[in-house]
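Below is one structure, written out as structure tokens, with a few remarks after it.
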Amino acid sequence: MRSCYCGQVSESLTSQLVILCGWVHHRRDHGGVIFIDLRDREGIVQVVFNPEQTEAFASAERVRNEYVLRIHGRVRPRPEGTENPDLATGKIEVVAEQVEILNTADPLPFQLDEHVSEEVRLRFRYLDLRRPQVHARFRLRAKVTNFLRKFLDEQGFLDIETPMLTKATPEGARDYLVPSRTHPGEFFALPQSPQLFKQLLMMAGMERYYQIVRCFRDEDLRADRQPEFTQLDIEMSFIDEMVLRNLMESMMRNLFKEILNVELPNPFPCLTYREAMLRYGSDKPDLRVPLEFIDLSDLMKEVEFKVFSQPANDPDGRVAALSIPNGQSLSRKQIDDYTSFVTTYGAKGLAYIKVNDIQAGRDGLQSPILKFLPDQVIQEILKRTQAETGSLLFFGAGKAKMVNDSLGALRLKIGEDLKLVQPGWKPLWVIDFPMFEWDDKDNRWMALHHPFTAPNVQKIAEVEATPGTCMSRAYDMVLNGTEIGGGSIRIHRSDMQSAVFRLLGIGEEEAREKFGFLLDALKYGCPPHGGIAFGLDRLVMLMTGAHSIREVIAFPKTQTASCLLTSAPSPANALQLRELHIRVKTPQAVEPVT
RNA sequence: GGAGCGGUAGUUCAGCUGGUUAGAAUAUUGCCCUGUCAAGGCAAGGGUCGCGGGUUCGAGUCCCGUCCGCUCCGCCA
């Protein structure tokens, strides 16, 4: 049907006959000569229609934007002075001899080269996807998955599929449920991840498994969270965390080298969870922002200023500062804006000190909290923060979680606002996560990672004695402030697994019911194993410079988890519901919860 | 569940402290035009101001509710 792609017509084809297929990108009708920019997957080429070619010219007059054409034409260099350096094919043009209109097109709801709202883009996603820039992201995504498959295959990993219709899990995210027709009143769950299946594959002796697999979580959406998303899921037997991390680093380094021609560091820097929280207030720090927390908790224990002294003396409290070089130039209004920004993270306010003149001591400082702090404390603050004339110090005080959340978010926002974000790629590992986190709401321990993560101690008694300080063998890979992967060495002994379930408040009976198959499998010769899962959408988002994973998912959902293209979800008809043994209570019919 | 921003022509937007017939650009349609490449010129058509209610002599504009989109908090082992 075609002899070559539009985007690949080059000078080497000069005076040859080509057959092109594609869409009318633009049409310029000069009355006596008509130009059509013909677009296909590989690019755009200019086709010229002269009146001498009567039939072709007549067709070209009828043609409109986005008509689908098949063109026979001859390649020739453009006349001198009419080359277009902005076009890859700009040195040549194709003189049309025959045109076939393969299809007409109604005027598009929007023009492909104009800015258009995401709402309209998603409703007409198939048109949005025609745009070359949008196209490019999916081409890159395909190259990424192809590279990953090749790499893992060469490393001896087996690509094995796991069920989409599976069992609901307690803990973790809300499940998407699928009613069973053959088992009235019972439901499958779509997998939040193939976690247990990949562990079972290790117990099955597969040793190295990977899968590029869709996962489902029925939670609220964000720019980097969709209800269905894709993981690169990996599991290995007879390894420890260093083997796995080294291999995964190597995979990432090779990926970035091959796809983006970028050299990632070797090895990746590695931070403990504790250090990451201390220095950045985040377990996924963006190392491109050259600002760090300065801890002041010890300094504030004795001050009379309760806002600082109280958290300083609270074991769960924290006082920390963020020093902004040249932050003095921030206006009162900007500081007010940052204050209301941190209140969304639970902060009561945002104390600050402007350093107008570092030489002038207290007189060189400007701050509403100055009067509450003794000279010696002020001197120590200035010393620790390495403040200079022009610096602005922000303070966070309160529960450690709140200080970390608010100051951590402020660090990123200021980094962006003041253009402090360094260009490039900053990957790192975060390790030594706590095994458990106390949940005040439910009054119980929660697994920070998931309940199958191995503690970094051998003895069950040790875990049970010190759940609050016990570390896990989990690791996260972070890139430019985004968590792109996480995993762990797993528990491979049933007694340890039972103990962890117990600590999490999962009783014997519930553990049997929900995870009986896992506990059984652990008894029949389970190898030590561990793995990791990467958020493929997030990874590709970063690699393409997109600001949302929706940009790298062909047909994404909106924030309320609906599809503007297909109008899913939609009501089921009565017959379907009857077969599934389901009766729907419409929202109006639901009795108010008392 | 909560906070913020937005919703006006097919599209992207403007529309001031409420006041004639709601504008621009672009797209569309017609005519003119032989070297453009976001072609150009002339002309025309195109509006449930998201939806519902309220205030007012009068509402795109003010108030209340609601729906939709986006960002964030909660949530996401």
Side-chain angles (χ1 to χ4, degrees), chain A residues 25-38 44-52 57 64-66 78-87 89-90 93 95 105-124 127-128 169-175 192-193 195-196 215-227 229 337 340-347 402 405-406 409 412-413 433 435-437 439 441 445-453 472 474 483 486 488 500-501 504 506 533 535 547-548 550 557-560 562 564 567 593:
Chain A
H25 194 62
H26 281 123
R27 173 176 165 277
R28 293 176 293 279
D29 185 346
H30 288 243
V33 62
I34 297 171
F35 300 100
I36 285 177
D37 292 336
L38 198 67
I44 289 171
V45 69
Q46 171 167 283
V47 183
V48 190
F49 296 80
N50 292 307
E52 296 78 54
F57 191 83
R64 296 292 178 267
N65 278 345
E66 299 303 311
R78 291 198 186 189
E80 217 178 316
T82 65
E83 297 95 346
N84 183 353
D86 298 333
L87 209 58
T89 58
E93 61 192 10
V95 184
D106 286 351
L108 265 42
F110 57 90
Q111 289 154 266
L112 296 188
D113 52 10
E114 77 182 339
H115 171 260
V116 65
S117 72
E118 193 168 351
E119 204 170 341
V120 174
R121 290 177 57 198
L122 291 184
R123 187 170 320 129
F124 300 97
L127 299 179
D128 184 47
T169 50
E171 306 263 315
R174 195 176 292 116
D175 287 309
Q192 296 178 27
S193 83
Q195 182 60 38
L196 291 174
C215 302
F216 306 86
R217 296 179 188 176
D218 187 5
E219 295 293 345
D220 285 344
L221 287 79
R222 290 284 191 283
D224 63 351
R225 276 162 39 186
Q226 283 273 303
F229 61 100
D337 287 347
S340 70
F341 175 76
V342 295
T343 57
T344 63
Y345 296 88
M402 183 278 286
D405 288 351
S406 56
L412 296 180
K413 184 163 177 62
F433 286 85
M435 187 77 187
F436 305 105
E437 203 171 33
D439 181 26
K441 229 176 23 241
W445 291 106
M446 306 270 282
L448 198 76
H449 196 62
H450 60 54
F452 319 107
T453 300
S472 75
E483 182 199 323
S488 61
V500 169
F501 283 154
L504 293 171
I506 302 173
H547 294 291
S548 150
R550 293 187 300 276
K557 308 271 188 293
T558 67
Q559 196 160 50
T560 54
S562 59
L564 295 178
S567 301
V593 181

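We name chains A, B, ... by the order of the sequence lines, and we start the count at 1 in each one.
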Sugar-phosphate, base or nothing in reach of A/Glu83, heavy atoms under 4.0 Å: base
Span that lies between the P atom of B/rU12 and that of B/rG69, in whole angstrom: 15 Å
Touch class at under 4.0 angstrom, heavy-atom based, for A/Arg27 against every strand present: nothing
Presence of salt bridge, A/Asp37 and A/Arg28, under 4.0 angstrom: yes
Closest nucleotide among B/rU12, B/rC75, B/rA38 to the A/Glu219 side chain: B/rC75
Separation of atom CG in A/Leu122 from atom P in B/rU11, rounded to whole Å: 14 Å
Nearest-Å distance once atom C1' is located in both B/rU26 and B/rG45: 15 Å
Any A/Gln192 side-chain nitrogen or oxygen under 4.0 Å from OP1 or OP2 of B/rC76: no
Sidechain-backbone polar pair: A/Asp175 side chain, A/Thr169 backbone, donor-acceptor under 3.5 Å: yes
Sugar-phosphate only, base, or nothing, as touched by A/Thr453 at under 4.0 Å among non-hydrogen atoms: nothing
Heavy-atom pair of closest approach, residues A/Cys215 and A/Gln192: CB-O, 3.2 Å
Presence of A/Ser117 side-chain N/O under 4.0 Å of B/rC13 phosphate oxygens OP1/OP2: no
Sugar-phosphate, base or nothing in reach of A/Ala223, heavy atoms under 4.0 Å: sugar-phosphate
Separation of the P atoms in B/rA25 and B/rG65, to the nearest angstrom: 39 Å
Between P of B/rA38 and CD1 of A/Ile36, the distance in whole Å: 16 Å
N or O in side chain of A/Arg222 less than 4.0 angstrom from B/rC75 OP1/OP2: no
Nearest-neighbour nucleotide for the A/Val120 side chain, B/rG74, B/rU12, B/rG69 considered: B/rU12
Value in whole Å for how far the P atom of B/rG69 lies from CG of A/Asp220: 13 Å
Atom-to-atom span, NE2 of A/His547 to C1' of B/rC72 - whole angstrom: 16 Å
Touch class at under 4.0 angstrom, heavy-atom based, for A/Tyr345 against every strand present: sugar-phosphate
B/rG10: pairing nucleotide in any strand, Watson-Crick or G-U under 3.5 angstrom: B/rU26
A/His30 ring center within less than 6.0 Å of A/Phe35 ring center: yes
Residue A/Ser562, side-chain atoms from C-beta onward, closest of B/rG69, B/rG35, B/rC75: B/rG69
Length of the line joining A/Phe49:CZ and B/rU36:P, which is rounded to integer Å: 18 Å
Whole angstrom value for the distance that separates P of B/rU11 from CG of A/Asp128: 14 Å
Distance, P atom - from B/rC64 to B/rA27, rounded to whole angstrom: 41 Å
Spacing between A/Asp86 atom CG and B/rC37 atom P, to the nearest angstrom: 11 Å
A/Arg78 side chain vs A/Gly90 backbone, donor-acceptor pair below 3.5 Å: yes
Complementary nucleotide for B/rU20 - Watson-Crick or wobble, under 3.5 Å: none
Sugar-phosphate only, base, or nothing, as touched by A/Asn84 at under 4.0 Å among non-hydrogen atoms: base
Phosphate OP1/OP2 of B/rA39 contacted by A/Arg28 side-chain N/O (<4.0 Å): yes
Sugar-phosphate only, base, or nothing, as touched by A/Thr169 at under 4.0 Å among non-hydrogen atoms: nothing
Sugar-phosphate, base or nothing in reach of A/Glu80, heavy atoms under 4.0 Å: nothing
Pairwise C1' distance for B/rG58 and B/rG1, with rounding to whole Å: 40 Å
P-based separation of B/rG52 from B/rA9 [nearest Å]: 16 Å
Touch class at under 4.0 angstrom, heavy-atom based, for A/Ser193 against every strand present: base
Expected output: side-chain A/Gln226 to main-chain A/Arg550 donor-acceptor under 3.5 Å: no
Side-chain donor/acceptor of A/Arg217 to base of B/rC76, under 3.5 Å: no
Whole-Å C1' distance, B/rG60 and B/rA14: 12 Å
Sugar-phosphate, base or nothing in reach of A/Thr82, heavy atoms under 4.0 Å: base
Watson-Crick or G-U counterpart of B/rC31, or none if no pair lies under 3.5 Å: B/rG41
Base versus backbone protein contacts along nucleotides 24-34 of chain B [heavy-atom cut-off under 4.0 Å; B, S, -]: --SSSSS--BB
A/Leu412 CG - B/rU71 C1' separation (whole Å): 15 Å
Touch class at under 4.0 angstrom, heavy-atom based, for A/Glu118 against every strand present: sugar-phosphate
Audit row: A/Phe110, A/Leu112, side-chain contact (heavy atoms from CB on, under 4.5 Å) steps and yes/no: CA-CA 6 Å; A/Phe110 57 90; A/Leu112 296 188; 4.2 Å; yes
A/Arg225 (side chain) and B/rC75 (base): donor-acceptor pair under 3.5 Å: yes
Is_stacked (A/Phe35, B/rU36) at 5.5 Å, 30 deg: yes
Nearest-0.5 Å distance, CG of residue A/Leu87 to CD of residue A/Glu93: 11.5 Å
Assigned partner base of B/rC70, Watson-Crick or wobble definition, under 3.5 Å: B/rG4
First of A/Gln46 and A/Gln195 reached from the 5' end of RNA chain B, by closest nucleotide: A/Gln46
Sugar-phosphate, base or nothing in reach of A/Ile44, heavy atoms under 4.0 Å: nothing
Span that lies between the C1' atom of B/rC13 and that of B/rU8, in whole angstrom: 9 Å
Results of side-chain hydrogen bond (donor to acceptor under 3.5 Å, both in side chains) for A/Ser488 - residues two or more places apart only: A/Thr453, A/Arg490
A/Arg225 side-chain N/O to A/Asp220 backbone N/O, donor-acceptor pair under 3.5 Å: yes
side-chain contact (heavy atoms from CB on, under 4.5 Å) involving A/Thr344 - partner list, sequence neighbours excluded: none
